[in-house]
S.K.: 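Please read through the structure below; I'll follow up with questions.
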There are 2 protein chains.
Amino acid sequence: MNERGKPSEVRISDLALELGLTKGTVSRALNGYEDISKKTRQRVTEVARILGYVPTTQARRLAMGLTETVGLVLPPMPSQPVNTFVSEFIDSISAALNIHGYDLLVHSVNSEESEVDQYQRLVHSRKVDGFIILRTLEVDPRVDYLLKEGFPFVTHGRTARMAEHDWFDIDGEKAFRDATSHLVKLGHQRIGFVGGGNEFFSAQLRLKGYRNIMEETYDNKISSLEQPGNLTGLGGETAARNLLKQNPCPTAILCANDATALGVIKAARELGFRIPQQLSVIGYDGIALGGYLDPPLTTLTFSIDASGREIVAMLLRRLKEPGLPVISKLASATLKLRGSEGPPT
Amino acid sequence: MNERGKPSEVRISDLALELGLTKGTVSRALNGYEDISKKTRQRVTEVARILGYVPTTQARRLAMGLTETVGLVLPPMPSQPVNTFVSEFIDSISAALNIHGYDLLVHSVNSEESEVDQYQRLVHSRKVDGFIILRTLEVDPRVDYLLKEGFPFVTHGRTARMAEHDWFDIDGEKAFRDATSHLVKLGHQRIGFVGGGNEFFSAQLRLKGYRNIMEETYDNKISSLEQPGNLTGLGGETAARNLLKQNPCPTAILCANDATALGVIKAARELGFRIPQQLSVIGYDGIALGGYLDPPLTTLTFSIDASGREIVAMLLRRLKEPGLPVISKLASATLKLRGSEGPPT
DNA sequence: TACAATACCGAAACCGGTTTCGTTTATTTT
DNA sequence: AAAATAAACGAAACCGGTTTCGGTATTGTA
């Protein structure tokens with residue numbers, strides 16, 4: 001069947017020769033053009049099936065002037081990643097893209113180039129039709145670049161320029177209002193918050209949701225209860241130590257993500273706090289591993305798969321109709337009570 | 001610069017026109033052919049730079065008859081993934097591939113097709129030059145198919161046919177000999193083992209390493225101490241309950257991976273066991289999250305990044321020289337003591 | 001100064017498809 | 001039966017590059 005290495009492949013010209021037709025005719029027959037007789041179309045299809053003909057993607061895409069490929073440039077990961085979001089997200093979007101005949105091209109930034117350089121090369125070499133952008137910053141150079149080029153993309157997360165581009169996001173503000181309210185109802189008064197870097201728009205919104213409820217409930221806001229973090233476990237540890245050495249110290253801590261929460265819990269334990277009796281902790285992300293902690297981590301969760309599918313749908317719509325006005329969608333997170341929070345003592 | 005949407009791109013014909021040369025000459029000039037005068041080559045390069053010419057990847061690849069793309073078909077993930085291996089691995093291999101001008105194409109299996117169908121379509125549509133295969137089975141249909149087609153690939157993990165294909169693997173047998181020996185030295189006699197499904201070759205090897213030491217040390221092997229699992233947390237829970245209801249019950253449990261270990265710890269806690277005082281637990285994978293457990297999970301760890309780079313190097317070598325004899329590499333895991341094991345009481 | 005060798009570039013085929021535009025044959029229409 | 005229309009396919013251009021081959025102009029050799 002095949003000799004040394006590559007399988008012996010059938011080209012459209014082979015098919016044409018076999019059928020006694022020209023390759024143009026064969027092409028149109030296979031693509032269902034009406035100007036080819038039904039009889040011929042069936043004959044072509046049948047012989048194509050028998051010979052195992054499959055069109056070469058590269059050639060088809062070149063001729064049609066499209067790539068049918070979407071790019072995903074992986075944002076630099078923390079050295080100790082604890083979140084499975086990226087792999088689940090990739091799984092989701094590649095499945096959704098494949099259904100529509102699109103491919104997913106994954107790049108990562110090597111140390112020598114900037115992230116924007118990476119996008120630039122993908123755009124200019126025409127490897128992709130559009131991008132999906134993860135972990136948006138308030139002022140995001142990737143977004144700036146693609147908007148300048150007029151190149152299609154959808155972000156997961158909002159930016160300062162969200163009115164100008166398509167985006168999908170989880171309503172982190174509402175999520176943290178919910179979580180804060182929950183703690184308030186449990187009777188907590190001193191509720192701490194460990195955020196992410198200010199450059200992340202999402203982290204700002206989560207902080208905003210927390211503040212909403214705190215100000216609404218206790219009228220004044222206590223800024224010493226707000227600690228910056230960096231969305232990693234180590235950041236959480238540091239922040240927790242700052243919070244827990246205060247007097248009076250918080251009886252609950254909200255964390256901008258689960259990794260932070262893990263750090264907070266670790267530090268709290270080391271300081272002798274029992275959870276949730278002496279300290280309630282709530283995270284954000286819904287990592288599966290949180291369910292295996294003792295006590296299991298209460299967190300805000302959302303469907304990664306649904307997010308991925310929605311984003312792909314938005315991007316494909318954009319590619320099909322470039323003229324469309326900006327589209328966006330805000331989904332909501334669910335408070336998943338698992339046991340790391342309770343009434344204060 | 002650009003009008004509505006796509007950036008205005010420069011083709012090689014535009015360059016040729018601008019330079020007063022033919023596109024063939026321009027192409028050879030840019031690719032450093034010696035039969036173009038040095039003066040001309042420099043002039044072409046300069047003008048190309050000024051006009052911002054970047055060759056269209058699709059066209060170049062079609063002309064050269066290669067795809068410069070490597071495929072990765074994501075194996076179906078557990079519904080509650082706890083391991084960041086996949087995203088770290090993707091990050092690693094995409095970076096390594098990009099350096100050499102290769103792209104990474106990620107597909108995932110939708111429910112309607114079998115995994116092999118997915119490979120078949122990628123092969124026949126000529127979208128990739130080779131594959132990287134994850135989570136090998138002892139009898140692996142993906143391997144069978146690609147060997148039959150003579151299509152290049154490298155596996156992460158061994159298979160029954162490992163003599164016929166390139167592979168990279170972690171020496172799980174040695175890893176579990178090390179872990180078992182460690183427990184023996186601590187004084188444990190009844191050491192349990194929770195494995196993975198028998199279809200996974202790696203799980204078998206880990207079991208083998210455990211048995212090696214058990215038979216060598218205690219002469220007889222106690223099969224009731226060996227519990228099957230499925231490499232998930234739930235599997236670990238079930239297995240742990242089976243082990244811990246025995247009398248006498250094990251004082252230590254080795255787990256085929258960290259997810260299993262999480263389940264084992266959860267079940268043990270629910271049964272009232274204190275860790276590591278009453279039960280030592282050791283996992284495998286080195287997930288970062290294990291460091292945040294209480295106590296932190298002792299585990300066998302290895303460098304995902306190094307694995308990815310090595311596998312890419314192997315695959316690229318294979319693509320360059322198809323005639324090469326089978327290449328393989330066995331790397332070793334390191335026992336990372338973090339506190340979930342100790343001497344028996 | 002005539003002739004061969006060399007350097008340098010143009011012309012054209014090619015990769016494997018798609019699509020436009022004619023042309024031929026078959027079918028209607030009058 | 002002649003003319004108009006429709007049906008079905010062939011021919012060729014095209015997508016944007018690469019590569020082979022051949023022809024001139026220039027240089028080197030005798």
Side-chain angles (χ1 to χ4, degrees), chain A residues 6-45 47-48 51-69 101 103 123-129, chain B residues 6-45 47-48 51-69 101 103 123-129:
Chain A
K6 312 286 174 158
S8 69
E9 298 289 359
V10 184
R11 303 290 124 108
I12 198 173
S13 53
D14 304 329
L15 240 188
L17 200 65
E18 176 73 24
L19 284 158
L21 298 171
T22 64
K23 59 177 191 172
T25 304
V26 172
S27 172
R28 278 171 302 158
L30 290 174
N31 291 315
Y33 277 57
E34 289 296 336
D35 68 341
I36 303 294
S37 75
K38 194 161 190 176
K39 199 193 307 174
T40 307
R41 268 185 283 167
Q42 291 180 336
R43 195 166 67 93
V44 172
T45 309
V47 175
L51 268 60
Y53 168 74
V54 178
T56 300
T57 311
Q58 302 261 16
R60 203 176 53 80
R61 288 178 176 169
L62 173 61
M64 298 178 64
L66 37 80
T67 72
E68 292 177 328
T69 300
D103 290 321
V123 167
H124 285 136
S125 58
R126 272 157 246 108
K127 285 186 179 177
V128 300
D129 290 331
Chain B
K6 311 286 172 155
S8 68
E9 298 290 358
V10 184
R11 303 288 121 108
I12 198 172
S13 53
D14 304 328
L15 240 188
L17 199 66
E18 177 73 24
L19 285 158
L21 298 170
T22 64
K23 60 177 189 171
T25 304
V26 172
S27 173
R28 278 171 301 160
L30 289 175
N31 290 315
Y33 276 58
E34 288 297 336
D35 67 342
I36 303 294
S37 74
K38 193 160 189 175
K39 200 194 306 173
T40 308
R41 268 184 285 168
Q42 290 181 337
R43 195 167 65 94
V44 172
T45 309
V47 176
L51 267 59
Y53 168 75
V54 178
T56 301
T57 311
Q58 302 262 17
R60 203 176 54 81
R61 288 177 176 168
L62 173 61
M64 298 178 64
L66 36 81
T67 72
E68 294 177 325
T69 300
D103 289 322
V123 167
H124 286 135
S125 58
R126 270 159 246 106
K127 285 186 178 177
V128 300
D129 290 331

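Here is how names work: the chains are called A, B, and so on, in the same order as the sequence lines, proteins then strands, and each is numbered from 1.
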S.K.: Please report how far the helix from C:dT1-D:dA30 to C:dT30-D:dA1 bends, comparing the axis fitted to its first five pairs with the axis fitted to its last five, to the nearest 10 degrees.
M.R.: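 Taking five pairs per end, the axes differ by 50°.
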
S.K.: Rounded to whole Å, please give me the gap between CG in A:Leu19 and C1' in D:dA8.
M.R.: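 That distance rounds to 15 Å.
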
S.K.: Can you find a side chain N or O atom of A:Thr56 that sits less than 4.0 Å from OP1 or OP2 on C:dG16?
M.R.: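 Indeed not, no polar side-chain atom of A:Thr56 lies that close.
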
S.K.: What is the separation between atom CZ on B:Arg41 and atom C1' on C:dA7, rounded to the nearest whole Å?
M.R.: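 To the nearest whole Å, that distance equals 12 Å.
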
S.K.: Select one nucleotide: of C:dG16, C:dG17, D:dG16, the one nearest the side-chain heavy atoms of A:Arg11.
M.R.: C:dG16

S.K.: Any chance you could measure A:Lys38, atom NZ, to A:Thr40, atom OG1, to the nearest 0.5 Å?
M.R.: 12.5 Å

S.K.: Please set out all donor-acceptor pairs under 3.5 angstrom arising from side-chain atoms of residues 54-66 of chain A, sequence neighbours excluded.
M.R.:
residue, atom, partner, partner atom, Å
A:Thr56, OG1, B:Arg126, NH1, 2.2
A:Thr57, OG1, B:Ser125, O, 2.8
A:Arg60, NH2, A:Glu68, OE1, 2.7
A:Arg61, NE, A:Thr67, O, 3.0
A:Arg61, NE, A:Glu68, OE1, 3.1
A:Arg61, NH1, A:Thr67, O, 3.2
A:Arg61, NH1, A:Asp103, OD2, 3.4
A:Arg61, NH2, A:Asp103, OD2, 2.8

S.K.: From CD1 of B:Ile12 over to C1' of D:dT18, roughly how many Å is that when rounded to an integer?
M.R.: 8 Å

S.K.: Report yes if the side chains of A:Val44 and A:Leu30 come closer than 4.5 Å at any heavy-atom pair, otherwise no.
M.R.: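 Result yes, sub-4.5 Å side-chain heavy-atom pair found.
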
S.K.: Do the non-hydrogen side-chain atoms of A:Lys127 and A:Thr69 ever get within less than 4.5 Å of each other?
M.R.: no

S.K.: Roughly how far, to the nearest 0.5 Å, is CG of B:Leu51 from CD of B:Glu9?
M.R.: 11.5 Å

S.K.: Report yes if at least one side-chain N or O of A:Tyr53 is closer than 4.0 Å to OP1 or OP2 of C:dG16; otherwise report no.
M.R.: no

S.K.: Can I get a per-line list of side-chain donor-acceptor pairs under 3.5 Å for residues 16-24 of chain A, giving both atom names and the distance, sequence neighbours left out?
M.R.:
residue, atom, partner, partner atom, Å
A:Thr22, OG1, A:Thr25, N, 3.4
A:Thr22, OG1, A:Thr25, OG1, 3.0

S.K.: What residues form a side-chain contact (heavy atoms from CB on, under 4.5 Å) with A:Lys39, not counting sequence neighbours?
M.R.: A:Ser37

S.K.: Between C:dG16, D:dG17, C:dG10, which one does the side chain of A:Leu62 approach most closely?
M.R.: C:dG16

S.K.: If I take atom CD in residue B:Glu9 and atom P in nucleotide D:dC15, what distance separates them, rounded to the nearest angstrom?
M.R.: 15 Å

S.K.: Could you tell me how far apart B:Lys127 (NZ) and C:dG17 (P) are, to the nearest whole angstrom?
M.R.: 14 Å

S.K.: For B:His124 and C:dG16, what is the distance between atoms NE2 and P respectively, to the nearest whole Å?
M.R.: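 One finds 15 Å between P of C:dG16 and NE2 of B:His124, rounded.
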
S.K.: Has A:Ser37 got a side-chain N or O lying under 4.0 Å from the OP1 or OP2 atom of D:dC9?
M.R.: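 For A:Ser37, the contact criterion (side-chain N or O under 4.0 Å from OP1 or OP2 of D:dC9) is met.
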
S.K.: Enumerate the protein-to-nucleotides 19-24 of chain D contacts in which both atoms are nitrogen or oxygen and the separation is below 3.5 Å.
M.R.:
residue, atom, partner, partner atom, Å
D:dT19, OP2, B:Tyr33, OH, 2.7

S.K.: Using atom CD of B:Gln58 as one end and atom C1' of C:dT18 as the other, report the distance to the nearest whole Å.
M.R.: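 Atom-to-atom, B:Gln58 to C:dT18, this comes out as 14 Å.
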
S.K.: Do the side chains of B:Arg41 and B:Glu34 get close enough for a salt bridge, i.e. N-O under 4.0 angstrom?
M.R.: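 Salt bridge between B:Arg41 and B:Glu34, a charged N being under 4.0 Å from a carboxylate O: yes.
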
S.K.: Hey, which of these two, B:Thr40 or B:Gly65, hits DNA chain C nearer its 5' end, going by closest nucleotide?
M.R.: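 Mapping each residue to its closest nucleotide by heavy atoms, the 5'-most match is B:Thr40.
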
S.K.: Are side-chain heavy atoms of B:Asp14 and B:Arg11 found at a separation under 4.5 Å?
M.R.: yes

S.K.: Tell me the interatomic distance from A:Leu15, atom CG, to C:dG16, atom P, rounded to whole angstroms.
M.R.: 13 Å

